[in-house]
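Read through the structure below, which is laid out as structure tokens, and then see the notes.
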Amino acid sequence: MKRTHHCNELRPAHIGRAVTLEGWVHSRRDLGGLIFIDVRDREGRTQTVFDPSDLPPPLFEQAAGLRSECVVRISGKVRARPDGTNNPRISTGEVEVLASGLEVLNPAEVLPFPVDEPEVAAKVNEELRLKYRYLDLRRPEMTRNLRLRSKVATATRLFMDEQGFLEVETPTLFKSTPEGAREFLVPSRTNPGQFYALPQSPQQFKQILMVAGVERYFQLARCYRDEDLRADRQPEFTQIDLELSFIEREDIYALIEGLLQRIWKTALNLDVPTPFRRLRFEEAINRYGSDKPDTRFGMELVDFTEEFRASQFKIFSSAVASQGVVKALNAKGLADVTQGQMDTMTEYAKAFGAKGLAYIKVEGGEWKSPIVRFFSDAEKAALTSKLGIAEGDLILFAADQWLTACEILGKIRLYCAEVLKAQGKLVIPPDRFDFLWVVDFPLLSFDKEQNRWYSSHHPFTAPVPEDIPLLKSDPKKVRGQHYDIVVNGVELGGGSIRIHQAEVQKTVFEDVLQIPPEEIKLRFGYLLEAFKYGAPPHGGIALGFDRLIAILCGTPSIRDVIAFPKTAKGTCLMTESPSPASARQLRDLHLEVKAAKKE
RNA sequence: GGGGGCGUAGCUCAAUUGGUUAGAGCGCUGCCCUGUCACGGCAGAGGUUACGGGUUCGAGCCCCGCCGCUCCCGCCA
């Protein structure tokens, strides 16, 4: 007989009912004369009891032989637990099933690691968890993540449908466009020597869909990037990708705010206030030293360029003299910083090319610092007032070119926050989510090594209209109609209003980015041609779906929200991929492998 | 490509910093146990210290190499 209830269903109201449960043996407690078997399925777990006084001995013996994670079918009668034996920690804890039948649907061997105890299982080596992912996913914590992911995907589809979007699938066998992230190449059997590439994003297809008159497109799109991995980066990942016609930036902001509001309500039952705060790129860098600032705590960067322009302290004044800036931040209460922590921060600074890290510790009413003797009284007064310096503070400085100085302190700001959090001096509630838009990015950045401009975002990003004349004369000043959505210091996604006029696009490609015309034709010819036949103004955005789910699940690694993720080296430990191809496969694909064979 | 951390029993960890036979908890096996839910009690099995070299009278520990996992930098239009 099939199951009549799942394992999180029985309540006192079911007392007296004959039921059948199916699931895994979560745990067995054999008291000799009495055996308790907890049966677990996707929904929860229920205690069953085997009492020898009214069971045939072979059945009781069979129950005694059950091991963790055997798959069983147990029938019996629901009854109330005796007084004082309720288990308030599980929702079926007021009842139990007095077993009268047991079928072992499948025995289980001894497990490579425990799945029943959350504290133990959470500490198990990730290598092992990935190899036996199917066991790892049985853990309720992981099941919860999969569920939440599914729920959010559904909420997204519903919301997008309500907003009039069409879900359109785009090819994953795409053309190689060697710009931006490294691509995975796929050899073509039918076209010897030719290759597809897996898309880094459906960027060009979604713009073509706008030319096609779809007007509102979205997709939970699988994207591929052959770059090195991180805790928040996998070689294949998912984006909530969307594009709209006849809109402006404000329309995107409102749409995404609505979507995130819906998602947070669905997933966490939290009401997210809108509209989100907006920060210009320049302001984000100036105040937080990052284009994805975590605004859940202060510790903002303060500018002292003018104060130190004529300082006796040459490191500061010479930085200002060469068009640089002097910035400082006050890590309140961190004067007890350890030498190791100072070393770590100094390393951050050096990684950006700084020579060292200037600091002041405020201890015992004194400024302890190797540099403070060079400061004038006026300089000290300015520091005290602008930084609000008090006993126990740690002041950190950066003097360099604007972006570099800010980024150094931005990195240090985050590190100080971590240290303060660990000490309990900084507390951030886990249900706090600071959403913000970062806007007014520079359209272009300069590559010193190659001596040319490149797109900060991508080459289809439209300039702010009034800045278009500056494209050729002063590219640095051109702002892009680009926007990033940030939450708690995590870049959730980004997008832009696109260039929809072939002429402007041509100027960007040819005059600004200086891509040779024949190369433009080769790579983007079809897109430029499409724009000739009536391309509507359009724009869009893509949100990192895995990161979004990780934030909602409160985990730092997106591997915890992907059913079958890759390791940091891009391998799958369960299936042992990638793996060599056979000679026959290679022949069919017209490939010859030159790499040295392993082993 | 570079830097950091880790790798000891099935799992999580220890091993007095180079010194006898590598330990503990959980798990596993056997026995006992009728109200447990981290059940309890008794007994037992279980080790190529990731792998390969080297130094040493002696290596889990030191050195070199290599593999794997992980975090970060570069990279990610």
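Every chain is numbered from 1 and lettered A, B, ... according to where its sequence line falls, protein lines coming before strand lines. In this text, all values refer to a predicted model and were calculated from it rather than measured experimentally.
A:Arg81 contributes a side-chain N or O that forms a donor-acceptor pair with the base of B:C37 under 3.5 Å. Applying the 3.5 Å distance criterion, the base of B:G74 shares no donor-acceptor pair with the side chain of A:Glu227. Applying the 3.5 Å distance criterion, the base of B:C76 shares no donor-acceptor pair with the side chain of A:Arg225. Taking 3.5 Å as the limit, the base of B:G27 and the side chain of A:Arg67 contain no donor-acceptor pair of atoms between them. Residue A:Gln47 places a side-chain atom within donor-acceptor reach of the base of B:U36, judged by atom type and a 3.5 Å distance cut-off alone. Remark: the A:Arg182 side chain and the B:G74 base include no donor-acceptor N/O pair separated by less than 3.5 Å.
A 3.5 Å limit on both hydrogen-bonding distances identifies B:U12 as the Watson-Crick or G-U partner of B:A24. Nucleotide B:U49 has no partner under the Watson-Crick or G-U criteria, as no pair reaches both atom distances under 3.5 Å.
The side chain of A:Thr571 places an N or O atom within less than 4.0 Å of a non-bridging phosphate oxygen (OP1 or OP2) of B:C69.
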Point to revise | Chi angles and distances behind the salt bridge (Lys or Arg N to Asp or Glu O under 4.0 Å) call for A:Glu94, A:Arg11 | key: CA-CA 7 Å; A:Glu94 289 178 69; A:Arg11 299 288 184 273; over 6 Å; no
Protein-nucleotides 39-47 of chain B N/O pairs closer than 3.5 Å?
from  : atom 1 : to      : atom 2 : distance (Å)
B:C39 : N4     : A:Asp30 : O      : 2.4

Practice item. At under 4.0 Å between heavy atoms, which parts of nucleotides 5-14 of chain B does protein reach? Answer with one letter per nucleotide, 5' to 3': B base, S sugar-phosphate only, - none. Key: -----SSS--
